[in-house]
Structure formats: C-alpha cells, structure tokens
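Only heavy atoms go into these numbers, but all of them, side chains included; no hydrogens, no water, no symmetry mates. This chain uses plain numbering: 1 for the first residue, then up along the sequence. Whatever order the structure lists them in is the order used to number ligands and atoms, beginning at 1.
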Amino acid sequence: MKLDGKVALVTGGNRGIGKAMGTTFAEEGAKVVLTARRAAIGEPVAQDLRSAGHDVTFIAADVTDENEVRTLIDSVISRHGALDIVVNNAGIAPASPVESMDTAVWHELIACNVTSMFLVTKHAIPHLRETRGNIINLGSTFGVVGAGGSAAYALTKAAAISFTKSLAIELAADGVRVNALCPGGTDTEFLHEWFEATGDAAGTEDWLIAHHPLGRLGKPEEMAKAALFLASSDSSFVTGHALLVDGGYTAQ
Ligand code: NDP
C-alpha cells in the first residue's frame with residue numbers, strides 16, 4: 001500500500017477524475033476526504049467506498065469561499081489529526097471565444113480554477129509542513145499549448161502550472177513537494193459538457209480524439225495512477241514538475 005495511513009484531501013471529489021483519485025488513494029490505504037459543492041453526488045460516492053472497507057468522508061464546500069475552505073481544513077484536522085496530501089482538482093470549463101465571452105464567466109473561471117487552488121493551499125500549508133506532505137494541482141494540456149475557443153480555461157490551467165513551480169520553490173525547504181498533473185482529454189462528464197459548450201459536440205470530440213496520437217481519450221483511472229505516483233514516496237525527488245498524461249497530445 002503506497003499511502004498507508006496518509007490523510008488525503010481531494011477537491012472536486014464527487015465525480016470524474018477527483019472521484020477516481022479518491023478511490024485509488026483509498027485503495028492504497030489513505031484516509032480520504034472528498035469535497036465538492038454537491039453533497040447529493042458526493043455522499044453516495046463516499047458511502048460506496050466506506051462499504052468497500054475504506055476510510056472515506058465527503059464534506060460539502062465551495063472552494064472559492066475562504067470561510068468554507070477554512071472550515072473544511074479544520075474539519076479534516078479535527079477528524080484525522082493531520083493532512084498529508086492535497087489535490088486541487090476542482091474546476092469548471094465553460095467554453096467561449098474571447099470576443100463573445102461574458103465577463104462574469106471569466107471571473108467565475110478564475111475563481112473556480114485558480115483562486116480555489118490558492119485558498120485551499122494557503123490554509124493547508126501549516127498542516128502539510130507538519131507532515132512534510134505534498135500538493136497536486138490539476139493543470140491540463142491546455143495549460144501547455146493554446147486552446148482556441150477556451151482561452152480563459154487554458155489561462156487558468158497555465159496558472160496552475162506556474163503556481164505549482166513557484167510554490168514548489170517556496171515550500172522545498174519545509175520538505176513539502178508540489179507538482180501538477182496535466183491530463184489530456186479524459187472521458188468524464190466534464191469533457192462531454194465542454195464538447196456541448198463548443199456548439200459542435202460530435203465534431204469537437206472527433207477533433208480531440210484525432211489530436212491524441214494514442215487515438216483515444218484518457219480514462220479517469222489513468223489520471224489517478226499518475227496522481228498516486230506524485231502523491232506517494234515513489235516521487236520523493238520530484239517537485240515543481242508538470243506531469244503530462246496526455247496520450248501524446250503535446251508531443252506533436
Ligand atoms: P468534473 O466536472 O467531473 O469534476 C469537477 C469537480 O469540481 C466536480 O466534482 C465539481 O463538483 C467540482 N467543483 C467545481 N467547482 C467547484 C467549487 N467552486 N467548489 C467545490 N468544488 C467544485 O471534471 P473532471 O473530473 O473532468 O476534471 C477534474 C479536473 O481535471 C479539473 O480541474 C479539470 O480542469 C482537469 N482536467 C480535465 C480534463 C478532462 O478532459 N476531463 C483534461 C484536463 C484537465 P460540484 O459541481 O458538485 O462542486
């Protein structure tokens with residue numbers, strides 16, 4: 001078991017990649033706290049994992065709200081007494097050309113994808129310092145290459161990679177590692193919602209698959225395995241790194 005006894009917090013943990021990471025971490029012996037806004041989706045996920053014998057809790061929180069984040073971290077500490085792993089995975093991806101983008105949507109993207117990462121990290125750092133823990137921030141291939149029609153989303157993912165590098169330097173002396181996980185197109189509801197948002201769901205899906213040299217989308221479980229590497233001591237000399245798990249998307 002690679003995470004035996006470790007305490008892991010996964011934001012956006014009620015579905016998709018977050019749910020897969022929480023499941024893999026629990027299967028590897030971690031005590032997992034999943035968080036997201038929708039308890040109606042998150043509670044059954046945690047319940048199923050508890051039924052399978054794992055220590056998994058769901059706590060509802062909006063990670064764009066500093067008071068809710070503070071309460072969330074306090075709840076993790078009062079339940080488990082420590083925090084070893086933080087995965088900043090919560091995110092949204094409304095698509096729009098820049099010219100027609102609603103300014104409120106721009107601000108919402110920054111809040112959900114970037115400010116949330118800052119808030120959770122800020123309140124987790126004192127506890128991660130105690131455990132010499134680690135942080136994983138979700139970037140994307142779109143944080144490395146451009147994404148016409150999704151410039152605002154791509155900017156937030158480039159921000160995740162930049163934040164990762166600076167934070168890795170800031171926390172290295174404390175033995176806290178910080179890395180980014182950058183998925184390629186991964187088959188989740190989120191991705192299908194993004195396909196719909198582009199206005200040509202089938203065409204966009206075909207285009208995206210064609211741009212992955214491996215000829216398919218990734219699976220949430222494949223992202224979870226990469227996250228396990230970053231979260232565990234298998235990556236003990238890896239920090240400030242953005243790990244692309246993208247079927248070759250950015251190799252071209
Ligand atoms: P999902 O939509 O399935 O998961 C996103 C999660 O974020 C949901 O659990 C959602 O729950 C939560 N969330 C969103 N906003 C907030 C908020 N304000 N507070 C708390 N939770 C929030 O997406 P994926 O699993 O596909 O993606 C996960 C991450 O991976 C994202 O950061 C995404 O950008 C990134 N990624 C995904 C790729 C893909 O192809 N799927 C490719 C590259 C990167 P709720 O709405 O209930 O709060």
**Q** Any N or O of Thr141 that comes nearer than 3.5 Å to an N or O of ligand 1?
**A** no
**Q** Which atoms form the tightest heavy-atom contact between Tyr153 and Ile92, and what is the distance?
**A**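 Looking at all heavy atoms of both residues, the closest pair is CD1-O, 3.3 Å.
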**Q** Would you call the rings of Trp207 and Tyr249 parallel, tilted or perpendicular, where under 30° means parallel and over 60° means perpendicular?
**A** perpendicular
**Q** For ligand 1, is there an atom lying under 4.0 Å from some heavy atom of Gly139?
**A** yes
**Q** Measure the distance from atom 12 (C) of ligand 1 to every protein heavy atom, then report the residue, atom name and distance (to 0.1 Å) of the closest one.
**A**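 Atom 12 (C) of ligand 1 sits closest to the protein heavy atom Gly12 CA, 3.6 Å.
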**Q** Are Ile136 and Val144 linked, directly or through other ILVMFWY residues, by side chains that come within less than 4.5 angstrom of each other?
**A** no
**Q** So is Phe190 polar-close to ligand 1, meaning N/O to N/O under 3.5 Å?
**A**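 So ligand 1 has no N or O lying under 3.5 Å from an N or O of Phe190.
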**Q** Would you say Ile41 touches ligand 1, if touching means a heavy atom closer than 4.0 Å?
**A** no
**Q** When you check the gap from the basic side-chain N to the acidic O, do Asp65 and Arg37 get nearer than 4.0 Å?
**A**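 No, this pair does not count.
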**Q** Quick one: does ligand 1 sit under 4.0 Å from the side chain of Phe142, the backbone, both or neither, non-hydrogen atoms only?
**A**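 Neither; no heavy atom under 4.0 Å.
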**Q** To check your reading of the model: name the closest protein heavy atom to atom 18 (N) of ligand 1, its residue, and the distance in Å.
**A**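 The closest one turns out to be Asp62 OD1, 3.0 Å.
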**Q** Which bit of Ala61 gets closer than 4.0 Å to ligand 1, counting heavy atoms only: side chain, backbone, both or neither?
**A** backbone
**Q** Under a 4.0 Å threshold between the charged nitrogen and the carboxylate oxygen, would Lys122 count as salt-bridged to Glu66?
**A**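 Salt bridge between Glu66 and Lys122, a charged N being under 4.0 Å from a carboxylate O: yes.
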**Q** Check the side chains of Asp200 and Thr198 for a donor-acceptor pair under 3.5 angstrom, ignoring hydrogens and angles.
**A**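 No.
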**Q** Among protein heavy atoms, which sits nearest to atom 36 (N) of ligand 1, and what does the distance come to when rounded to 0.1 Å?
**A** Tyr153 OH, 3.6 Å
**Q** Are the charged groups of Glu193 and Arg15 less than 4.0 angstrom apart, N to O?
**A**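 Answer for the salt bridge query: yes.
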**Q** Hey, does Arg15 come in under 3.5 Å of ligand 1, counting only N/O atoms on both sides?
**A** yes
**Q** Between Lys157 and ligand 1, is there a nitrogen or oxygen pair with a distance under 3.5 Å?
**A** yes
**Q** Heavy-atom contact under 4.0 Å between Trp194 and ligand 1?
**A**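 In this structure, Trp194 fails to qualify as a contact of ligand 1 - no heavy atom is under 4.0 Å.
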**Q** Which of the atoms in ligand 1, numbered in the order shown and given with their element, are less than 4.0 Å from a heavy-atom of Gly185?
**A**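 Near Gly185, the atoms of ligand 1 are 40 (O).
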**Q** Is Glu189 in polar range of ligand 1, meaning some N or O pair under 3.5 Å apart?
**A**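 N/O-N/O distance under 3.5 Å: no.
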**Q** Of the non-hydrogen atoms in Met223 and Leu181, which two are nearest, and what is the gap between them?
**A**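 Scanning both residues, the minimum pair turns out to be O-CD2, 3.6 Å.
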**Q** Quick check: Glu193 and ligand 1, any N/O pair under 3.5 Å apart?
**A**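 N/O-N/O distance under 3.5 Å: no.
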**Q** Measure the shortest side-chain to side-chain distance between Leu171 and Ile135 over non-hydrogen atoms and say whether it is less than 4.5 angstrom.
**A**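 Result yes, sub-4.5 Å side-chain heavy-atom pair found.
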**Q** Answer yes or no: does an N/O atom from Asn89 fall short of 3.5 Å to an N/O atom of ligand 1?
**A**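 Asn89 vs ligand 1: N/O contact under 3.5 Å present.
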**Q** From atom 19 (N) of ligand 1, work out which of Asn113, Val63, Ile92 has a heavy atom at the shortest distance.
**A**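 Of the listed residues, Val63 has the closest heavy atom.
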**Q** Regarding atom 5 (C) of ligand 1: of the candidates Cys112, Gly91, Gly16, which has the closest heavy atom?
**A**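 Result: the heavy atom closest to atom 5 (C) of ligand 1 is in Gly91.
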**Q** Within ligand 1, which atoms have a heavy atom of Gly184 less than 4.0 Å away?
**A** 40 (O), 42 (C)
